[in-house]
Amino acid sequence: MIDVLLTGALGVMGGMVRDAISQTQDLRIIAGVDITPNDSLPFPVYPSLDAVREAPQVVLDFSHFSALSSILDYCLERQLPVVICATGHTMEQRREIQRAAERIPVFFSANMSLGVNLIKHLSQEAASLLEPAYDIEILEKHHNRKIDAPSGTANMLAEAINEAVAQPKSFVYERHSKREPRKKTDLGIHSIRGGTTVGEHSVLFYGEDEVVELTHIANSRRIFATGAVSALRYIAEKGPGLYSMDNLFAEDQAVTDIRSLSHQTLFNLAGKLSPDAFLEIFAAVAQEGIPVDVITYSFSGVISHLTLSVDNAHSAVVTAAISPILDRHGLSMDLMADLSKITIRGPGMEFEAGVGARLFRPLIQAGIPPLSVATSEEKIVLLVPGKMEEQALSLLAQEYAR
């Protein structure tokens, strides 16, 4: 059972969180903090953190950004994890959060909805593909009681887009004072306040004669309470560090796809590989119209090692095409045929520590040697002996089914 201290216990979101936690078997609120007195709840509500007598295991903050320092001080003094769900923090407060995360686990997200964080990733993908040909704008809508503008989520989306584009954008929050055409480096962020709108966020990509729009609509605040409950479970087991919905979103999706491709040949080239030789090798293979798959390269300061793989059916043609180049540059070549390529893919790899250990341990323990490995943020590709393909796939499927 995880004992929770809830700040902002009597607010609208505090009520949603109370309901959400009451339906769990592993979480319970043992105390609350709120400026409004109330003794009708099943736990005590204190006017300040200093008055709390219980010993929580984690703090959940749904209060107000002005309370940040006192909450962090309370958690730092007791070495408690904290989930910060309040919005509207200044840049200095964000730096304060980062400093606290060096000593305690801090979960901080501008929006606790998994759907919003999906939109964030989709926006980054779209921005990397469409920019600079498309103008990017963000529109957010909220109820008429929301104080801060633009929303923390809109700022989060804008910052995420800036991480994905080649040239960072300048955020433009209003245009009425500007008497000039829109710049390609602008990213407009617009706010609407009215009625009881829970929250809508749209990222719009304006191109020539078309518009691409990504939109998330929150119909109930319960989605934020659900996300907060997930964050509580997540942060309770973590060490010091700054965590977000990215980590939570990705952890359950560390690996989403494992597949294989048989009948591969690995070329291992070694020697003093000059840039000219490097280019000649790939040009010769391309001239034959043969696709190259796994490519790795390393340089020890004296000797270079270049590996590339092709389908077994093309190995003889590739050998004939590159052999004159290798002879001319004094390079050696070793071939391993009948290998299998195994691809492990998942968005969570970027955030998961120990990816390599988790991947290689079951293979090595079973005597399956990885003969070549290539990686990216969301993918690992390795070559193994073809006769061990089915065993390797079975072991990895078992490992990532846990």
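Note that these values count all heavy atoms, side chains included, but never hydrogens, waters or copies made by symmetry.
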**Student:** Of the non-hydrogen atoms in Val285 and Val292, which two are nearest, and what is the gap between them?
**Tutor:**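 In terms of heavy atoms, the two residues are closest at CG1-CG2, 3.5 Å.
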
**Student:** Is Pro56 close to Tyr74 at the side-chain level, that is, under 4.5 Å between some pair of heavy atoms?
**Tutor:**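 Of all side-chain heavy-atom pairs linking Pro56 with Tyr74, at least one is under 4.5 Å.
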
**Student:** If only atom types and distance count, is the side chain of His143 paired as donor or acceptor with the main-chain N or O of Arg145 below 3.5 Å?
**Tutor:**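 Present.
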
**Student:** I'd like to check Met245 versus Val116 (side-chain heavy atoms, cut-off strictly below 4.5 Å). Are they in contact?
**Tutor:** no

**Student:** Is a donor from one side chain sitting under 3.5 angstrom from an acceptor on the other, for Thr185 and Ser170?
**Tutor:** no

**Student:** Less than 6.0 Å separating the ring centroids of Tyr297 and Phe278?
**Tutor:** yes

**Student:** Please determine if Asp135 and Lys184 form a salt bridge, counting it only when a charged side-chain N lies under 4.0 Å from a carboxylate O.
**Tutor:** yes

**Student:** Does the pair Glu140/Arg193 count as a salt bridge with the N-to-O cut at 4.0 Å?
**Tutor:**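 A salt bridge is present here (some side-chain N lies under 4.0 Å from a carboxylate O).
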
**Student:** What verdict does the side-chain contact (heavy atoms from CB on, under 4.5 Å) test give for Asp34 and Asn38, after you've listed the backbone C-alpha separation in whole Å, the side-chain angles of each residue and the deciding distance to 0.1 Å?
**Tutor:** CA-CA 9 Å; Asp34 202 285; Asn38 189 304; over 6 Å; no

**Student:** Less than 4.5 Å apart, side chain to side chain, heavy atoms only: is that true for His201 and Ile119?
**Tutor:**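 Heavy-atom side-chain distance check fails, nothing below 4.5 Å.
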
**Student:** Which heavy atom of Ser372 sits nearest to which heavy atom of Val294, and what is that distance?
**Tutor:**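 Closest heavy-atom pair between Ser372 and Val294: OG-CG1, 3.9 Å.
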
**Student:** Check Ala164 against Ser128 and note the closest heavy-atom contact, atom names and distance.
**Tutor:** O-CB, 3.8 Å

**Student:** Any non-hydrogen side-chain atom of Thr87 less than 4.5 Å from a side-chain atom of Asp148?
**Tutor:** yes

**Student:** Kindly compute the distance separating CG (Asp73) from CD (Glu96), expressed to the nearest 0.5 Å.
**Tutor:**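 It is 7.0 Å, given to the nearest 0.5 Å.
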
**Student:** Locate the shortest heavy-atom distance separating Pro369 from Met388; write the atom from each residue and the value.
**Tutor:**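 Scanning both residues completely, I find the closest heavy atoms to be CD-SD, 3.9 Å.
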
**Student:** Taking the side chain as C-beta and beyond, is there a heavy-atom pair between Ile342 and Ile258 under 4.5 Å?
**Tutor:** yes

**Student:** Looking at side-chain heavy atoms only, is the closest gap between Arg18 and Leu6 below 4.5 Å?
**Tutor:**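 Sidechains of Leu6 and Arg18: in contact.
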
**Student:** Closer than 3.5 angstrom, by distance alone: can the side chain of Thr24 be matched with the main-chain N or O of Ile21 as a donor-acceptor pair?
**Tutor:**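 It does hold such a pair.
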
**Student:** Backbone N or O of Gly199 within a donor-acceptor pair of the Thr197 side chain at under 3.5 Å?
**Tutor:**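 Not confirmed, Thr197 side chain does not pair with Gly199 backbone.
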
**Student:** Flag yes if more than 12 heavy atoms outside Glu288 fall under 6.0 Å of its CD atom; otherwise flag no.
**Tutor:** yes

**Student:** Mind checking the SG-CZ spacing from Cys85 to Phe107? Nearest 0.5 Å is all I need.
**Tutor:** 8.0 Å

**Student:** Could you tell me whether Glu92 atom CD has more than 12 heavy atoms of other residues or ligands within 6.0 Å of it?
**Tutor:** yes

**Student:** Work out which heavy atom in Phe65 is nearest to a heavy atom in Gln93; give both atom names and the distance.
**Tutor:**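 In terms of heavy atoms, the two residues are closest at O-NE2, 2.8 Å.
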
**Student:** Is the count of non-hydrogen atoms from other residues, nucleotides or ligands lying under 6.0 Å from Ile303 atom CD1 greater than 12?
**Tutor:** yes

**Student:** Step through the shown structure and confirm whether more than 12 heavy atoms of other residues, nucleotides or ligands are within 6.0 Å of CD on Glu210.
**Tutor:** yes

**Student:** What's the shortest heavy-atom distance between Cys75 and Val59, and which atoms?
**Tutor:**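 Nearest pair, atom of Cys75 first, then Val59: SG-CG2, 3.6 Å.
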
**Student:** Quick check for you: to the nearest 0.5 Å, what is the distance between Leu157 atom CG and Ile189 atom CD1?
**Tutor:**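 These two atoms lie 9.0 Å from each other.
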
**Student:** Between Leu306 and Ile295, does the side-chain contact (heavy atoms from CB on, under 4.5 Å) criterion hold? Intermediate values first, please.
**Tutor:** CA-CA 7 Å; Leu306 171 64; Ile295 301 172; 4.2 Å; yes

**Student:** Tell me, do Ser315 and Phe267 make a side-chain contact under 4.5 Å, heavy atoms counted?
**Tutor:** yes

**Student:** Run the salt-bridge test on Arg175 and Glu137 with the 4.0 Å N-O cut-off and return the result as yes or no.
**Tutor:**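 Result for this pair is yes, salt bridge flagged.
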
**Student:** Step by step, would you call Arg28 with Phe43 a side-chain contact (heavy atoms from CB on, under 4.5 Å)?
**Tutor:** CA-CA 10 Å; Arg28 66 179 178 183; Phe43 54 83; over 6 Å; no

**Student:** So how far is it from Ile281 CD1 to Leu273 CG, rounded to the nearest 0.5 Å?
**Tutor:** 5.0 Å

**Student:** Checking side-chain contact (heavy atoms from CB on, under 4.5 Å) for the pair Met16/Phe62: CA distance, chi angles, key distance, verdict?
**Tutor:** CA-CA 10 Å; Met16 295 280 186; Phe62 263 111; over 6 Å; no

**Student:** So with a 6.0 Å cut-off around CZ of Arg361, is the heavy-atom count from everything else above 12?
**Tutor:**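 For Arg361, atom CZ is not crowded (no more than 12 foreign heavy atoms under 6.0 Å).
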
**Student:** So how far is it from Asp338 CG to Asn312 CG, rounded to the nearest 0.5 Å?
**Tutor:** 5.0 Å

**Student:** Within the distance-only criterion (no hydrogens, no angle test), does the side chain of Asn247 pair as donor or acceptor with the backbone N or O of Ser244 below 3.5 angstrom?
**Tutor:** yes

**Student:** Between Leu339 and Ser309, is there a side-chain heavy-atom distance shorter than 4.5 Å?
**Tutor:**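 With C-beta onward as the side chain, the pair stays apart.
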
**Student:** Taking everything shown except Gln287 itself, do over 12 heavy atoms lie less than 6.0 Å from its CD?
**Tutor:** no

**Student:** Would you give the length of the straight line joining atom CD of Glu102 to atom CG of Leu242, rounded to the nearest 0.5 angstrom?
**Tutor:** 10.0 Å

**Student:** Does atom CZ (Arg259) have a neighbourhood of more than 12 heavy atoms from anything else shown, all under 6.0 Å?
**Tutor:**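 No - once you tally the heavy atoms of other residues, nucleotides and ligands closer than 6.0 Å, there are 12 at most.
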
**Student:** Taking the side chain from Gln264 and the backbone from Ser262, do they hold a donor-acceptor pair closer than 3.5 Å?
**Tutor:**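 Flag set: sc Gln264 to bb Ser262 pair under 3.5 Å.
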
**Student:** Tell me whether Lys169 at atom NZ has more than 12 heavy atoms from other residues, nucleotides or ligands lying less than 6.0 Å away.
**Tutor:** yes

